[in-house]
Amino acid sequence: MSAAAGNQSAVGQQYTTNPPRELPKRRGTELMLLAFAAVIVTTAFVLVQINQEQTLSWSILWYGGAYLAIFSAAHVAVRYWAPYADPLILPCVALLNGLGLVTIYRLDLAEAERARSLGQEFSGSAPRQVLFTVVALALFLAVLRIIKDHRTLTSYAYTAGLGGLILLALPAMLPASLSEVNGAKVWLKLPGFSIQPGEFAKILLMIFFASFLVAKRDLFMTAGKRVIGVELPRARDLGPIIIAAVVCLGILVFERDLGTALLFFGITLMMLYVATERAIWVVVGLSMFLAGAFLAYQLFTHVQQRVTNWIDPLATYDDPGGGYQIAQGLFGLGTGGVFGTGLGAGRPEMVPEAHTDFISAALGEEIGFVGLAAVLLVYLLLAMRGMRSALAVRDTFGKLLGGGLSFAIVMQVFVIVGGVTKLIPMTGVTTPFLSAGGSSLLANYILVALLLRISDTARRPQQSKPRGEAPQKPLAPIAEANTVMVQRPPQPASESNAPAARGSAGQQAPDQHMHGRQPPGQHAHGQQAPEHPPGRNPAGQAQQPVTPAQGQPPVYPAGEQQADAPAAQQPPRPKAEPQQPPQSPESQQAAAEQPAPVDEPAWPTEDSTDEEPHRPKGDDAT
């Protein structure tokens, strides 16, 4: 009996749902990947200087030391403030930011050589990029330190939405002298520096939409009229999508920025689809966006110019604002070919604004199609790890926010790289972490900090709560988020281990199946009882009369007289059990007298296979 109780406790531990265990934090993995990224970036710096200056200078130590200091501080912050965060997010960001710094430095060397030949002074963009990265790291640390739980952002959802709309509309309301650069009114020119408020507006608006969709999800799930087999949304529920379309159209009209409008509307549709799982919202949203874009093309000349440059950049190659930039970028990509000209051995400075909008063309010329594809795969890996964290987190707000932040990276890369390669019309969106510019770098580091916070919550085994509140249930790690086992129902201390009773809820008398003892259950006339008497438990024990099904006689305890039940009223025989080892005649007779289980569980168990070596020796006579 003690053996059976010990077996029961072992089985109970085995079937505990999500057993508590020490989840590896994987910060060592993150540190090794950061070191690998540092090796790649340092090698790229060396190749650039060898090919450009034919020698190595002390600037490599300056840039390399700044790079190591920045991401060492970021790693220490993640280790202490988000210890369970995904170990691949920060190394991917470090590699992309390092490659962007190398490319900007390479362009600075070429521009400095041209300025010297013309007798002009030149101020490089690489030192400013390092400074912007330091400021971005400060914001990164502040977000990780202040926002200890991403769910606290729901308290400021409407404030974030209002702030996002103000930041998005601010450049359009200012005069062109304070907001317009290269024909796009998306800047806010301040004394000493300029900032692009739309980069921060997208994060605030994603927080608002995630909270709003969680609160109003049932409204969007309700279908309206059915037209041509399609269940359209109700007219009164179209408010958010109409507001998003009007805002995007306003950006397109007043700010002349097709990229921001496309990015914002794409993120809104993605979050709406994830929240409702209804493709009709995507269809309605895309239809409204295409209608607005067509209307803008008919009314505004700058939209017509962008589309003309996209269709045939060589036709407007020499026109002001024509296709010269796109054509030069395509020439650079063609020159690079499959494997590129080598870092520092190309001519990417011939592309206008190569360090901002066209940095992917400059990078593709020198590392080729293979290298540029590898960089795009790093972006894809970064977005996939963010979406994986969004899927693993428990709360719906975290799922929507994490999915929106990850999709924003993919959407932004698609918009800018698609414009550079002439897949879509050219836009003014920067490449995340690669392009020179403070606004994009600051906003994207805030985005990464939120992703790390969501990932830490998803992988953390137990979520801590403030003092005075009941502890929260532990959160499942990423690896087990979709594999929660169903817990077995409670069983008595003495469990039947007979082969016919495996997986059932029956009980076994403690003195049954002992060596040298004939089990009870003989028929009153000295004949053997039916093979499977109805109403008995798997071990043959019958302590109380069992209420039979309709039309069947009652079952009495062992030793009392009972009427033979007709064969037609007997319950159906269970499925054949796996073959057991040969048994003695007494054991075979005892096994034949044991009944079938009355109730079988609704899920499969592993007792008949995995737990066979742990059965007590007295279960079956051998």
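Computed over heavy atoms, backbone and side chain alike; hydrogens, waters and symmetry mates excluded.
A heavy-atom distance below 4.5 Å is found between the side chains of L442 and F200. In this structure the side chain of L153 reaches within 4.5 angstrom of the side chain of L450, judged on heavy atoms. For the pair W81/D456, no side-chain contact is recorded, criterion being any heavy-atom separation below 4.5 Å from C-beta on. When side chains are defined from C-beta on, S123 counts as touching R128, because their heavy atoms get closer than 4.5 Å. Residues P352 and F358 have side chains not in contact (no heavy-atom distance under 4.5 Å, counting atoms from C-beta outward). Side chains of M387 and L391 form no contact here, defined as non-hydrogen atoms less than 4.5 Å apart. Residues V378 and F433 fail the side-chain proximity criterion, which asks for heavy atoms closer than 4.5 Å. Proximity of L168 to L205: side-chain heavy atoms (C-beta onward) are separated by under 4.5 Å at one or more points.
The CG atom of L88 sits 5.5 Å away from the CG atom of L381 when rounded to the nearest 0.5 Å. Atoms CD1 and OG1, on I359 and T103 in that order, are 5.0 Å from each other to the nearest 0.5 Å. Note that the CZ atom of F209 and the CG atom of L213 stand 7.0 Å from one another [nearest 0.5 Å]. With rounding to the nearest 0.5 Å, the separation of CG in L109 from CZ in F122 is 9.0 Å. Atom CD1 of I147 is separated from atom CG of L452 by 12.0 Å, given to the nearest 0.5 angstrom. One distance of note links CD1 of I424 with CD1 of I416; it measures 8.5 Å at 0.5 Å rounding.
Among residue pairs with one or both ends in residues 365-374, those qualifying as salt bridge (Lys or Arg N to Asp or Glu O under 4.0 Å) are R106-E366; sequence neighbours excluded. Note on residues 395-407: pairs passing side chain to side chain donor-acceptor pair (under 3.5 Å), not counting sequence neighbours, are H150-D395. Here ring-ring contact (aromatic ring centres under 6.0 Å, His included) pairs that include residues 305-325, with residues two or more places apart or in two chains, are Y317-Y324.
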So M270 and M411, side-chain contact (heavy atoms from CB on, under 4.5 Å) or not? Walk me through it. CA-CA 10 Å; M270 177 267 177; M411 188 69 182; over 6 Å; no

Walk me through whether Q129 and L441 qualify under side-chain contact (heavy atoms from CB on, under 4.5 Å). CA-CA 9 Å; Q129 186 73 0; L441 204 59; 3.8 Å; yes

Can you list the steps and then say if Y273 with L269 is a side-chain contact (heavy atoms from CB on, under 4.5 Å)? CA-CA 6 Å; Y273 174 73; L269 288 183; over 6 Å; no

Steps toward side-chain contact (heavy atoms from CB on, under 4.5 Å) verdict (L380, V413): CA-CA 10 Å; L380 183 61; V413 173; over 6 Å; no

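With sequence neighbours excluded, the residues that form a side chain to side chain contact (heavy atoms under 4.5 Å, CB included) with M350 are Q328, R347. K202 pairs by the salt bridge (charged side-chain N to carboxylate O under 4.0 Å, His left out) definition with E199, not counting sequence neighbours. Not counting sequence neighbours, A374 has no partner by the side chain to side chain contact (heavy atoms under 4.5 Å, CB included) test. Not counting sequence neighbours, the partners of V375 by the side chain to side chain contact (heavy atoms under 4.5 Å, CB included) test are L96, L99, L363, I367, Y379, L434. With sequence neighbours left out, the ring pair (Phe, Tyr, Trp, His ring centres under 6.0 Å) criterion links Y67 to F71. Residues that satisfy the side chain to side chain contact (heavy atoms under 4.5 Å, CB included) test with F339, not counting sequence neighbours, are V370. Annotation: ring pair (Phe, Tyr, Trp, His ring centres under 6.0 Å) contacts of F45 (sequence neighbours excluded): Y63, Y105. Remark: F208 pairs with Y158, F212 by the ring pair (Phe, Tyr, Trp, His ring centres under 6.0 Å) rule, at least two apart or across chains.
Between the side chain of D108 and the backbone N or O of A126, at least one donor-acceptor pair lies under 3.5 Å. Side chain of T335 to backbone of F331: a donor-acceptor contact under 3.5 angstrom is found. R459 contributes a side-chain N or O that, together with a main-chain N or O of Y84, makes up a donor-acceptor pair within less than 3.5 Å. Side chain of R453 to main chain of D149: no donor-acceptor pair is present (N/O by atom type, distance under 3.5 Å, no hydrogens or angles).
The 12-atom threshold is not exceeded at CE of M384, counting heavy atoms of other residues, nucleotides or ligands nearer than 6.0 Å.
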Would you be so kind as to tabulate the donor-acceptor pairs closer than 3.5 Å made by side chains of residues 134-144, with sequence neighbours excluded?
none

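For T430 and S440, the side-chain atoms include at least one donor-acceptor pair closer than 3.5 Å.
Pairing each heavy atom of A160 with each of L204, the nearest pair is O-CB, 3.4 Å.
Checked options V429, V410, L423; the residue passing with V415 is V429 (criterion: side chain to side chain contact (heavy atoms under 4.5 Å, CB included)).
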